[in-house]
There are 2 protein chains.
Amino acid sequence: MLTKEEMPACPVATTVQLIGSKWKLLIIRNLLTGTQRFGELKKSIPGISQKVLTDSLRSMEDDGIMTRKVYAEVPPRVEYSLNELGESMRPIISAMEQWGTAYKNNQ
Amino acid sequence: MLTKEEMPACPVATTVQLIGSKWKLLIIRNLLTGTQRFGELKKSIPGISQKVLTDSLRSMEDDGIMTRKVYAEVPPRVEYSLNELGESMRPIISAMEQWGTAYKNNQ
DNA sequence: CTGTATCCAAAGAGATACTG
DNA sequence: CAGTATCTCTTTGGATACAG
(Lines give C-alpha, C1' and ligand atoms only; values in the text may rest on other atoms or scores of the structure.)
Protein backbone atom coordinates (compact mmCIF):
# COMPACT_ATOMS: atom_id res chain seq x y z
CA MET A 1 0.00 0.00 0.00
CA LEU A 2 1.14 3.51 -0.65
CA THR A 3 2.10 5.57 2.35
CA LYS A 4 0.05 8.64 3.09
CA GLU A 5 2.77 10.80 1.59
CA GLU A 6 2.80 8.89 -1.68
CA MET A 7 -0.95 8.88 -2.14
CA PRO A 8 -2.21 10.78 -5.14
CA ALA A 9 -4.38 13.74 -4.29
CA CYS A 10 -7.58 11.82 -4.94
CA PRO A 11 -10.37 11.68 -2.37
CA VAL A 12 -11.16 8.06 -3.16
CA ALA A 13 -7.50 7.14 -2.66
CA THR A 14 -7.53 8.90 0.68
CA THR A 15 -10.52 6.87 1.75
CA VAL A 16 -9.05 3.61 0.52
CA GLN A 17 -5.90 4.43 2.45
CA LEU A 18 -7.83 4.49 5.70
CA ILE A 19 -10.34 1.70 5.30
CA GLY A 20 -9.27 -0.27 2.26
CA SER A 21 -7.75 -3.10 4.22
CA LYS A 22 -9.55 -6.36 4.49
CA TRP A 23 -11.59 -6.31 7.67
CA LYS A 24 -11.94 -2.67 8.62
CA LEU A 25 -15.14 -2.04 6.74
CA LEU A 26 -16.77 -4.96 8.50
CA ILE A 27 -15.62 -3.68 11.87
CA ILE A 28 -17.00 -0.23 11.15
CA ARG A 29 -20.24 -1.75 9.97
CA ASN A 30 -20.63 -3.48 13.32
CA LEU A 31 -19.70 -0.45 15.36
CA LEU A 32 -22.26 1.64 13.50
CA THR A 33 -24.91 -0.10 15.55
CA GLY A 34 -23.28 1.08 18.74
CA THR A 35 -20.48 0.48 21.21
CA GLN A 36 -19.19 -3.07 21.42
CA ARG A 37 -16.80 -5.05 23.53
CA PHE A 38 -13.86 -6.89 22.07
CA GLY A 39 -15.50 -10.28 22.41
CA GLU A 40 -18.75 -9.07 20.89
CA LEU A 41 -16.93 -7.73 17.87
CA LYS A 42 -15.05 -10.96 17.45
CA LYS A 43 -18.26 -12.95 17.61
CA SER A 44 -20.10 -10.71 15.21
CA ILE A 45 -17.40 -10.95 12.55
CA PRO A 46 -17.14 -14.63 11.66
CA GLY A 47 -13.73 -15.70 10.46
CA ILE A 48 -11.66 -12.87 11.87
CA SER A 49 -8.73 -13.91 14.04
CA GLN A 50 -7.92 -12.31 17.34
CA LYS A 51 -4.67 -10.96 15.98
CA VAL A 52 -6.23 -9.36 12.94
CA LEU A 53 -9.03 -7.87 14.99
CA THR A 54 -6.57 -6.39 17.47
CA ASP A 55 -4.30 -5.06 14.75
CA SER A 56 -7.20 -3.51 12.88
CA LEU A 57 -8.64 -1.89 15.98
CA ARG A 58 -5.29 -0.37 16.93
CA SER A 59 -4.77 0.96 13.45
CA MET A 60 -8.22 2.50 13.34
CA GLU A 61 -7.70 3.99 16.76
CA ASP A 62 -4.47 5.57 15.52
CA ASP A 63 -6.30 6.93 12.51
CA GLY A 64 -8.84 8.60 14.75
CA ILE A 65 -11.78 6.56 13.54
CA MET A 66 -12.74 5.07 16.87
CA THR A 67 -11.95 5.17 20.54
CA ARG A 68 -11.03 2.44 23.00
CA LYS A 69 -12.15 2.58 26.57
CA VAL A 70 -10.66 0.26 29.16
CA TYR A 71 -12.51 -0.39 32.39
CA ALA A 72 -10.41 -1.25 35.44
CA GLU A 73 -12.37 -4.34 36.29
CA VAL A 74 -11.74 -8.03 36.74
CA PRO A 75 -12.28 -9.61 34.34
CA PRO A 76 -11.24 -6.71 32.14
CA ARG A 77 -13.74 -4.96 29.92
CA VAL A 78 -12.81 -2.97 26.86
CA GLU A 79 -15.32 -1.09 24.78
CA TYR A 80 -14.92 0.20 21.27
CA SER A 81 -17.00 2.92 19.73
CA LEU A 82 -16.83 4.98 16.59
CA ASN A 83 -16.07 8.62 17.08
CA GLU A 84 -17.27 11.38 14.80
CA LEU A 85 -14.88 10.53 12.01
CA GLY A 86 -15.92 6.92 12.02
CA GLU A 87 -19.59 7.83 12.20
CA SER A 88 -19.17 9.97 9.13
CA MET A 89 -18.37 6.84 7.16
CA ARG A 90 -21.93 5.64 7.50
CA PRO A 91 -22.91 6.69 3.96
CA ILE A 92 -20.08 4.58 2.55
CA ILE A 93 -21.16 1.52 4.47
CA SER A 94 -24.79 2.11 3.55
CA ALA A 95 -23.91 2.31 -0.12
CA MET A 96 -21.97 -0.93 0.11
CA GLU A 97 -24.78 -2.57 2.01
CA GLN A 98 -27.31 -1.61 -0.62
CA TRP A 99 -25.05 -2.70 -3.42
CA GLY A 100 -24.31 -6.04 -1.80
CA THR A 101 -27.98 -6.70 -1.25
CA ALA A 102 -28.90 -5.91 -4.83
CA TYR A 103 -26.01 -8.02 -6.08
CA LYS A 104 -27.09 -11.08 -4.13
CA ASN A 105 -30.64 -10.77 -5.37
CA ASN A 106 -29.35 -11.01 -8.92
CA GLN A 107 -27.20 -14.10 -8.44
CA MET B 1 -9.38 -13.35 2.11
CA LEU B 2 -12.37 -15.55 2.54
CA THR B 3 -13.61 -17.38 -0.51
CA LYS B 4 -17.06 -16.57 -1.78
CA GLU B 5 -18.37 -19.73 -0.20
CA GLU B 6 -16.99 -18.86 3.21
CA MET B 7 -18.25 -15.30 3.22
CA PRO B 8 -20.81 -14.53 5.87
CA ALA B 9 -24.20 -13.60 4.54
CA CYS B 10 -23.57 -9.91 4.98
CA PRO B 11 -24.09 -7.48 2.11
CA VAL B 12 -21.06 -5.41 3.09
CA ALA B 13 -18.91 -8.54 3.11
CA THR B 14 -20.17 -9.40 -0.35
CA THR B 15 -19.18 -5.99 -1.60
CA VAL B 16 -15.78 -6.10 0.05
CA GLN B 17 -15.23 -9.48 -1.53
CA LEU B 18 -15.58 -7.98 -5.00
CA ILE B 19 -13.89 -4.62 -4.70
CA GLY B 20 -12.03 -4.65 -1.43
CA SER B 21 -8.63 -5.26 -2.95
CA LYS B 22 -6.18 -2.47 -3.16
CA TRP B 23 -6.56 -0.85 -6.54
CA LYS B 24 -9.96 -1.86 -7.81
CA LEU B 25 -11.86 1.06 -6.37
CA LEU B 26 -9.49 3.46 -8.06
CA ILE B 27 -9.92 1.68 -11.38
CA ILE B 28 -13.68 1.81 -11.08
CA ARG B 29 -13.50 5.46 -10.16
CA ASN B 30 -11.65 6.15 -13.39
CA LEU B 31 -13.93 4.07 -15.55
CA LEU B 32 -16.97 5.85 -14.15
CA THR B 33 -16.00 8.80 -16.34
CA GLY B 34 -16.19 6.58 -19.40
CA THR B 35 -14.39 4.00 -21.49
CA GLN B 36 -10.63 4.05 -21.25
CA ARG B 37 -7.73 2.36 -22.95
CA PHE B 38 -5.17 0.37 -21.02
CA GLY B 39 -2.55 3.07 -21.27
CA GLU B 40 -4.96 5.79 -20.22
CA LEU B 41 -5.91 3.86 -17.12
CA LYS B 42 -2.30 3.27 -16.25
CA LYS B 43 -1.53 6.95 -16.62
CA SER B 44 -4.52 8.08 -14.61
CA ILE B 45 -3.68 5.84 -11.66
CA PRO B 46 -0.24 6.97 -10.48
CA GLY B 47 1.79 4.25 -8.82
CA ILE B 48 0.01 1.23 -10.22
CA SER B 49 2.22 -1.33 -11.95
CA GLN B 50 1.38 -2.91 -15.25
CA LYS B 51 1.06 -6.32 -13.65
CA VAL B 52 -1.31 -5.19 -10.95
CA LEU B 53 -3.43 -3.24 -13.40
CA THR B 54 -3.66 -6.24 -15.70
CA ASP B 55 -4.45 -8.63 -12.84
CA SER B 56 -7.10 -6.33 -11.43
CA LEU B 57 -8.74 -5.78 -14.79
CA ARG B 58 -8.91 -9.53 -15.47
CA SER B 59 -10.37 -10.21 -12.08
CA MET B 60 -13.00 -7.52 -12.47
CA GLU B 61 -13.82 -8.82 -15.92
CA ASP B 62 -14.33 -12.28 -14.44
CA ASP B 63 -16.56 -10.82 -11.77
CA GLY B 64 -18.72 -9.21 -14.42
CA ILE B 65 -17.96 -5.66 -13.40
CA MET B 66 -16.53 -4.50 -16.69
CA THR B 67 -15.92 -5.56 -20.24
CA ARG B 68 -12.78 -5.64 -22.35
CA LYS B 69 -12.88 -4.90 -26.03
CA VAL B 70 -9.90 -5.67 -28.23
CA TYR B 71 -9.56 -3.97 -31.59
CA ALA B 72 -7.67 -5.84 -34.30
CA GLU B 73 -5.40 -2.96 -35.13
CA VAL B 74 -1.70 -2.26 -35.24
CA PRO B 75 -0.70 -1.02 -32.77
CA PRO B 76 -3.29 -2.86 -30.71
CA ARG B 77 -6.05 -1.00 -28.93
CA VAL B 78 -7.92 -2.35 -25.93
CA GLU B 79 -10.77 -0.52 -24.31
CA TYR B 80 -12.23 -1.11 -20.91
CA SER B 81 -15.64 0.01 -19.81
CA LEU B 82 -17.88 -0.64 -16.87
CA ASN B 83 -20.97 -2.67 -17.55
CA GLU B 84 -24.20 -2.33 -15.66
CA LEU B 85 -22.90 -4.04 -12.53
CA GLY B 86 -19.88 -1.78 -12.40
CA GLU B 87 -21.96 1.30 -13.07
CA SER B 88 -24.17 0.41 -10.14
CA MET B 89 -21.21 0.93 -7.86
CA ARG B 90 -21.26 4.65 -8.49
CA PRO B 91 -22.98 5.47 -5.18
CA ILE B 92 -20.21 3.69 -3.29
CA ILE B 93 -17.49 5.62 -5.09
CA SER B 94 -19.39 8.86 -4.63
CA ALA B 95 -19.70 8.28 -0.91
CA MET B 96 -15.98 7.58 -0.65
CA GLU B 97 -15.20 10.62 -2.74
CA GLN B 98 -17.25 12.86 -0.50
CA TRP B 99 -15.80 11.37 2.63
CA GLY B 100 -12.23 11.71 1.39
CA THR B 101 -12.81 15.32 0.45
CA ALA B 102 -14.26 16.18 3.84
CA TYR B 103 -11.46 14.33 5.58
CA LYS B 104 -8.76 16.24 3.79
CA ASN B 105 -10.39 19.55 4.57
CA ASN B 106 -10.16 18.73 8.26
CA GLN B 107 -6.50 17.77 8.31
C1' DC C 1 0.50 -0.43 -27.51
C1' DT C 2 -0.89 -4.01 -24.62
C1' DG C 3 0.23 -7.25 -22.87
C1' DT C 4 2.76 -12.18 -20.57
C1' DA C 5 6.33 -14.48 -17.79
C1' DT C 6 9.45 -14.55 -13.92
C1' DC C 7 11.30 -13.71 -9.79
C1' DC C 8 11.51 -11.56 -5.48
C1' DA C 9 9.94 -8.60 -1.57
C1' DA C 10 6.42 -7.01 1.45
C1' DA C 11 2.17 -7.09 3.55
C1' DG C 12 -1.73 -9.61 5.25
C1' DA C 13 -3.53 -13.29 7.56
C1' DG C 14 -3.93 -17.65 10.54
C1' DA C 15 -2.55 -20.74 14.40
C1' DT C 16 -0.95 -21.48 18.70
C1' DA C 17 0.72 -20.53 23.21
C1' DC C 18 0.97 -17.59 26.98
C1' DT C 19 -0.41 -13.45 30.41
C1' DG C 20 -2.35 -9.56 33.62
C1' DC D 1 -11.78 -11.20 29.17
C1' DA D 2 -8.78 -9.12 26.30
C1' DG D 3 -5.11 -9.18 24.92
C1' DT D 4 0.59 -10.03 23.43
C1' DA D 5 4.23 -12.81 21.20
C1' DT D 6 5.78 -15.81 17.75
C1' DC D 7 6.03 -18.37 13.89
C1' DT D 8 4.37 -19.58 9.36
C1' DC D 9 1.92 -19.39 5.16
C1' DT D 10 -0.44 -17.01 1.61
C1' DT D 11 -1.55 -13.21 -1.04
C1' DT D 12 -0.40 -9.06 -3.07
C1' DG D 13 2.60 -6.07 -5.08
C1' DG D 14 6.80 -4.40 -7.66
C1' DA D 15 10.62 -4.87 -11.09
C1' DT D 16 12.38 -6.39 -15.12
C1' DA D 17 12.56 -8.59 -19.48
C1' DC D 18 10.43 -10.01 -23.46
C1' DA D 19 6.57 -10.70 -27.23
C1' DG D 20 2.55 -10.27 -30.66
Side-chain angles (χ1 to χ4, degrees), chain A residues 1-8 13 16-28 30-31 35-63 65-81, chain B residues 1-8 13 16-28 30-31 35-63 65-81:
Chain A
M1 184 63 103
L2 298 173
T3 65
K4 279 169 189 171
E5 290 66 36
E6 294 164 336
M7 280 313 260
V16 170
Q17 171 73 19
L18 284 172
I19 53 170
S21 77
K22 190 174 169 182
W23 297 99
K24 291 184 181 176
L25 282 162
L26 294 175
I27 296 173
I28 294 174
N30 277 279
L31 288 181
T35 296
Q36 290 206 48
R37 297 181 60 170
F38 184 86
E40 293 175 317
L41 273 176
K42 182 152 168 37
K43 217 175 83 177
S44 63
I45 305 175
I48 196 169
S49 70
Q50 199 160 23
K51 174 181 178 293
V52 171
L53 179 54
T54 302
D55 291 352
S56 302
L57 289 170
R58 291 292 174 280
S59 155
M60 291 164 73
E61 201 188 346
D62 291 346
D63 287 336
I65 291 173
M66 30 145 280
T67 55
R68 175 172 179 266
K69 186 167 182 186
V70 183
Y71 292 84
E73 302 175 358
V74 176
R77 177 160 58 108
V78 182
E79 289 184 348
Y80 295 90
S81 39
Chain B
M1 183 62 102
L2 299 173
T3 65
K4 280 170 188 170
E5 290 68 34
E6 294 164 336
M7 279 314 258
V16 170
Q17 172 74 17
L18 284 172
I19 54 170
S21 77
K22 190 174 171 182
W23 297 99
K24 290 184 182 178
L25 281 162
L26 293 176
I27 296 173
I28 295 174
N30 276 279
L31 288 181
T35 297
Q36 288 206 49
R37 297 181 59 169
F38 184 86
E40 292 176 317
L41 273 176
K42 182 152 168 36
K43 217 175 83 178
S44 63
I45 306 175
I48 196 169
S49 69
Q50 198 161 24
K51 172 180 179 295
V52 171
L53 180 53
T54 302
D55 292 351
S56 302
L57 289 170
R58 291 292 174 280
S59 156
M60 293 164 73
E61 202 187 346
D62 291 345
D63 287 335
I65 292 173
M66 31 146 278
T67 55
R68 175 171 179 265
K69 186 167 183 189
V70 183
Y71 293 84
E73 302 175 359
V74 177
R77 177 160 59 110
V78 181
E79 288 184 347
Y80 294 90
S81 38

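Order of the sequence lines fixes the chain letters, A, B, ..., with proteins taken first and strands second; residue numbering starts at 1 for each chain. Note: hydrogens, waters and symmetry copies are ignored here, and every other heavy atom, side chains too, is used.
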Undergrad: Using the side-chain heavy atoms of B/V52, tell me which of these nucleotides is nearest: D/dG14, D/dC1, C/dG14.
TA: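 Closest of the options to the side chain of B/V52: D/dG14.
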Undergrad: Among the nucleotides D/dG3, C/dG3, D/dC1, which one has an atom lying closest to any side-chain atom of B/V78?
TA: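 Nearest listed nucleotide: C/dG3.
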Undergrad: From C-beta outward on A/W23, which listed nucleotide comes closest to its side chain: D/dA2, C/dT2, C/dA13?
TA: C/dA13
Undergrad: Could you tell me how far apart A/R58 (CZ) and C/dG12 (P) are, to the nearest whole angstrom?
TA: 17 Å
Undergrad: Quick one: which of B/Q50, B/E79, B/R77 gives a side-chain contact (heavy atoms from CB on, under 4.5 Å) with B/F38?
TA: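 Checked B/Q50, B/E79, B/R77 against B/F38; only one passes side-chain contact (heavy atoms from CB on, under 4.5 Å): B/Q50.
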Undergrad: Is B/Q36 reaching over with its side chain to a backbone N or O of B/N30, donor-acceptor style, under 3.5 angstrom?
TA: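 Yes, because the side chain of B/Q36 sits within donor-acceptor range (under 3.5 Å) of the backbone of B/N30.
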Undergrad: Rounded to whole Å, how long is the line connecting atom NZ of A/K69 with atom P of D/dA2?
TA: 15 Å
Undergrad: I need the CG-P distance between A/L57 and C/dA13, as an integer number of Å.
TA: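 That distance rounds to 13 Å.
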Undergrad: Would you indicate what B/Y71 reaches in the nucleic acid, counting non-hydrogen atoms under 4.0 angstrom: base, sugar-phosphate, or nothing?
TA: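 No contact.
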Undergrad: In this structure, how many angstroms lie between the P atom of C/dG3 and the CG atom of B/L41, rounded?
TA: 10 Å
Undergrad: Whole angstroms only, please: what is the CD1-C1' distance between A/I48 and C/dG14?
TA: 12 Å
Undergrad: May I ask you to decide whether B/K51 forms a salt bridge with B/D55, counting only side-chain N to carboxylate O separations under 4.0 Å?
TA: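 Answer for the salt bridge query: yes.
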Undergrad: Measure from CD on A/Q36 to C1' on D/dC1 and round the result to the nearest Å.
TA: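 Interatomic distance, CD of A/Q36 to C1' of D/dC1: 15 Å.
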Undergrad: Can you tell me the distance, in whole Å, between the CG atom of B/D55 and the P atom of C/dT2?
TA: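 Atom CG in B/D55 sits about 17 Å away from atom P in C/dT2.
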Undergrad: On DNA chain C, does the nearest nucleotide to A/P76 precede the nearest nucleotide to A/S56 from the 5' side, or the other way round? Give the residue.
TA: A/S56
Undergrad: Evaluate the side-chain hydrogen bond (donor to acceptor under 3.5 Å, both in side chains) criterion for residues B/S49 and B/K42: first the C-alpha distance (whole Å), next the side-chain angles of each, then the deciding distance (0.1 Å), finally the verdict.
TA: CA-CA 8 Å; B/S49 69; B/K42 182 152 168 36; over 6 Å; no
Undergrad: Answer with base, sugar-phosphate or nothing: what part of the nucleic acid does A/Q50 contact at a heavy-atom distance below 4.0 Å?
TA: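 Counting heavy atoms under 4.0 Å across all strands, the contact made by A/Q50 includes a base.
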Undergrad: Checking A/S59 against A/K24: is there a side-chain donor and acceptor pair closer than 3.5 Å?
TA: yes
Undergrad: Under 4.0 Å: is that the gap between some side-chain N or O of A/R37 and OP1 or OP2 of D/dC1?
TA: no
Undergrad: Tell me what A/K51 touches on the nucleic acid: a base, only sugar-phosphate, or nothing, going by heavy atoms under 4.0 Å.
TA: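 Base: the residue A/K51, judged by heavy atoms under 4.0 Å, touches a nucleobase.
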Undergrad: Rounded to whole Å, how long is the line connecting atom NZ of A/K24 with atom P of C/dA13?
TA: 10 Å
